[in-house]
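Below, each value reflects all heavy atoms present in this structure, side chains not excepted, and no hydrogens, waters or symmetry copies. Residue numbers start from 1 in every chain, and the chains themselves are labelled A, B, ... in the order their sequence lines are given, proteins ahead of strands.
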Number of protein chains: 2
Amino acid sequence: MVVSVRDVAAAASVSVGTVSNVLNRPEKVSPATVERVRAAIAELGFVRNDAARQLRAGRSSSIGLIVLDVRNPFFTDVARGAEDRAAEDGMTLLLGNSDENPDREGAYLDLFEQQRVHGVLISPLTDDLPRLERLRKRGTPVVLVDRESADRSYSSVAVDDVVGGELAVRHLAETGRRRVAFVGGPSSIGQVADRLEGARRAVAATPGMALEVIETDSLTVLQGRAAGEVIRERPVSERPDAIFAANDLLAMGVLQALKMLGTVDVPGDIALIGYDDIDFASAAVVPLSSIRQPASLIGYTAVDLLLREAAAGSEFTPEQVVFQPELVVRESTRA
Amino acid sequence: MVVSVRDVAAAASVSVGTVSNVLNRPEKVSPATVERVRAAIAELGFVRNDAARQLRAGRSSSIGLIVLDVRNPFFTDVARGAEDRAAEDGMTLLLGNSDENPDREGAYLDLFEQQRVHGVLISPLTDDLPRLERLRKRGTPVVLVDRESADRSYSSVAVDDVVGGELAVRHLAETGRRRVAFVGGPSSIGQVADRLEGARRAVAATPGMALEVIETDSLTVLQGRAAGEVIRERPVSERPDAIFAANDLLAMGVLQALKMLGTVDVPGDIALIGYDDIDFASAAVVPLSSIRQPASLIGYTAVDLLLREAAAGSEFTPEQVVFQPELVVRESTRA
DNA sequence: GGCCCTCGCCGAAACGATTCAGTTGCTGCC
DNA sequence: GGCAGCAACTGAATCGTTTCGGCGAGGGCC
């Protein structure tokens, strides 16, 4: 009981080609015929088979997006922006979650390749992936999200994380802090490395300031809590007087750990600043200072670039869009 | 330069049928041939075309999931659970976000139908949707998520929201509160209606307790903040002494509004309880009491049901799974 | 009237993987 | 030797849509 164009054609007494034209170029068909075909479609409950369309078209009308962590509101915001732009061109967004795991990242790339997606948006774990190369050879545009490609061979939409890190630590310095701990990791993730680099620069620019790095396995609330506990357990004299967390999830975990036993006061004893400025940051126990990134704009712009690249074909030169981050000061870094 | 099974077959000097067998039933092919074909695949960089497979198979290996709000961590957790179960059977999850908007919901259902998805998981806005019926007629299983079907004609995985609402308000009663405001809406959303119903029951069971309903347009932080401001602006005597928010996002918004000017103390002046127990609830300005739902288990179970239903075909009787919610007490409702 | 266009429609070919009835060649058994 | 049985492989048909060369009818123009 599957209804195909053929059935519709028979019911409306036209050819399959005409049905297809009604579907895709109704202006090419006489009004009376359009009407008749539409009626047949409605009556039979015909619904296009996307697989067949794609097979014919050679590629799908979906765009793949691979993010580091769906549970991070920053990335859901990116996804929303991407989805909005995709919808403008009648495309769909396929959302994959690598969870900072290269195997999962690879699995999604394979999947997207099999699906012959229109293009791939990725916040990659490592800098060079043969799979990305292969996709590109096939003619599938690839745009890096929240990350710039080392050799600028890929298009990308990112925020200057070095500047962001610098903003954060300079702010800490300006509010009188001198012993800063950077909480984040793994350092193989580009964003983490860049934010740390920015922190280093700000520290170097401030006489008497010291930086310590507390490396985490991932960028989650849980890992933040663990790092916070490490700091809490130290003798008071050995604690930093400020913490810069590589993202807000970590920062919120750190905050939970510090506040848990009531032993450490934020910002009294330790100031805390995160990164991303997710919605929940302002609602934290101590409202969190953070570095804001235009998440949904990043997603929107990335899809925009992707579609332009897809339309241009091979004579497209990769384009790097870089947004500037913005410091948002709240309670957690009050002097 | 597209590589198809035909090219692989030629390169390995076998027929296309054999290539397909190597791909899908390698045990049916002699080891030497498997080796030869695999080598050809690797050399040519052949990647299966999913559209062609699906066309032949009649349906895709994806499962569609439509949630009310991707930005709500509860739903991303549901999605994670669903994805995990789907991956066990080599299936993919397509995530759609209705944003509590019937048009968007409909658009995703249409899309999923065109994609001939293996099945649909939906947290529906309204109770009866002709589109769901049509999907079912086509043989596509539909499982309701976080919602039970009124006439039990659909399979569903849900949490007893009436009990959850009752738990919340009974807890407020037990901690001495008597003038409760329910913040949530629109009431057309089943979860909201049920939680309110539970609240009503608990109020009815407590002599001297009164319930007021503050309706919101949606279940977001922003709407919560607006509701919180309404309450904050009232004369002290007309304020409730407890607020039950239909979900944690709303609760966090309410909390922000109440704390903003420092005029209202939580839980001193007003106790506050939310629903869902999202990760961020415990990290809020005032750690939030909430009603916990097993989010990722819901997603996992829903896909499990879906796959069983798909395998059983027509002789499947819908099954309703109901989990019990759990009260989580934190600072925000301390007596 | 002859010629050329345009419009509206037709229908076969093509996309690429899977399936299945059929062929081949070999082993083992009476 | 004859034959059944089996393993390994073949290749044409199939899924449902889009595309595109082509055809006939009607209109405009010289």
Side-chain angles (χ1 to χ4, degrees), chain A residues 1-38 40-41 44-62 90 110-111 113-118 138-139, chain B residues 1-38 40-41 44-62 90 110-111 113-118 138-139:
Chain A
M1 234 285 316
V2 283
V3 184
S4 77
V5 270
R6 230 170 298 275
D7 303 313
V8 174
S13 316
V14 296
S15 73
V16 290
T18 300
V19 175
S20 179
N21 280 331
V22 169
L23 256 21
N24 303 298
R25 287 175 233 77
E27 75 281 1
K28 295 256 159 203
V29 182
S30 76
T33 310
V34 169
E35 199 41 57
R36 210 143 36 89
V37 172
R38 293 240 163 98
I41 288 176
L44 298 177
F46 165 77
V47 175
R48 262 190 173 102
N49 183 323
D50 218 45
R53 300 186 72 190
Q54 288 182 27
L55 174 56
R56 192 71 237 275
R59 62 180 171 181
S60 91
S61 59
S62 303
D110 286 352
L111 182 72
E113 194 172 0
Q114 290 188 21
Q115 308 242 55
R116 301 292 192 270
V117 293
H118 212 82
R138 158 168 270 128
Chain B
M1 232 286 313
V2 282
V3 184
S4 76
V5 270
R6 230 169 298 275
D7 303 312
V8 173
S13 315
V14 294
S15 74
V16 291
T18 300
V19 175
S20 179
N21 280 332
V22 169
L23 255 22
N24 302 298
R25 286 174 233 79
E27 75 282 359
K28 294 255 159 205
V29 182
S30 76
T33 310
V34 170
E35 199 40 57
R36 208 144 37 87
V37 172
R38 293 237 165 100
I41 288 176
L44 298 177
F46 165 77
V47 174
R48 261 188 172 108
N49 183 323
D50 219 45
R53 303 187 70 192
Q54 288 181 28
L55 174 56
R56 193 72 238 276
R59 62 179 171 182
S60 93
S61 59
S62 302
D110 286 351
L111 182 71
E113 193 172 1
Q114 290 187 22
Q115 310 243 55
R116 301 291 192 270
V117 293
H118 212 83
R138 157 168 272 131

Are any side-chain N or O atoms of [X] and backbone N or O atoms of [Y], one a donor and one an acceptor, separated by less than 3.5 Å?
X	Y	answer
His118(A)	Ser62(A)	no
Arg48(A)	Gln114(B)	no
Arg25(B)	Val22(B)	no

Pick base, sugar-phosphate or nothing for [X], based on heavy-atom distances below 4.0 Å to the nucleic acid.
X	result
Val16(B)	base
Ser20(A)	base
Val5(A)	base
Arg59(B)	nothing
Asn24(B)	sugar-phosphate
Arg53(B)	sugar-phosphate
Val14(B)	sugar-phosphate

Send over the distance from [X] [atom1] to [N] [atom2], rounded to a whole Å.
X	N	atom1	atom2	result
Leu55(A)	dT18(C)	CG	C1'	12 Å
Leu23(B)	dG16(C)	CG	P	15 Å
Arg25(B)	dT18(C)	CZ	C1'	8 Å
Glu27(A)	dG8(C)	CD	P	11 Å
Lys28(A)	dC7(C)	NZ	C1'	9 Å
Gln114(A)	dT18(C)	CD	C1'	15 Å
Gln54(B)	dT19(C)	CD	P	14 Å
Glu35(A)	dG8(C)	CD	P	16 Å

*Between dC10(C) and Thr18(A), is there an OP1 or OP2 to side-chain N/O distance shorter than 4.0 Å?*
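Result: yes.
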*asked:* Does dT18(C) have OP1 or OP2 under 4.0 Å away from a side-chain N or O of Arg48(B)?
replied: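 Answer yes for this pair, as a side-chain N or O of Arg48(B) is under 4.0 Å from OP1 or OP2.
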Pairwise side-chain contact, [X] with [Y], heavy-atom cut-off 4.5 Å (strictly under):
X	Y	value
Gln54(B)	Arg116(B)	no
Ser61(A)	Arg53(A)	no
Val34(B)	Pro31(B)	no

Shortest non-hydrogen contact from [X] to [Y]?
X	Y	result
Val19(B)	Val5(B)	CG1-CG1, 3.8 Å
Asp7(B)	Val2(B)	OD2-O, 3.3 Å
Ala11(A)	Ala40(A)	CB-CB, 4.0 Å
Phe46(B)	Val3(B)	CD1-O, 3.4 Å

*Could you please name the option among dC9(C), dG16(C), dT18(C) that lies closest to any side-chain atom of Ala52(B)?*
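For Ala52(B), the side-chain atoms sit closest to dG16(C).
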*At what angle, to 10 degrees, do the two end axes of the helix from dG1(C)-dC30(D) to dC30(C)-dG1(D) meet, given five pairs define each axis?*
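Answer for the end axes of this duplex: 50°.
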_Could you tell me the boundaries of the chain A footprint on DNA chain D, defined by atoms under 4.0 Å from its heavy atoms?_
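Footprint of chain A along DNA chain D, 5' to 3': dG16(D) to dT19(D).
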*asked:* Go nucleotide by nucleotide along DNA chain C from the 5' end; which of Ala32(A) and Val19(B) gets its closest nucleotide reached first?
replied: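 Result of the comparison: Ala32(A).
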_Residue whose closest nucleotide on DNA chain D lies nearer the 5' end, Arg6(B) versus Thr33(B)_ =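 Result of the comparison: Thr33(B).
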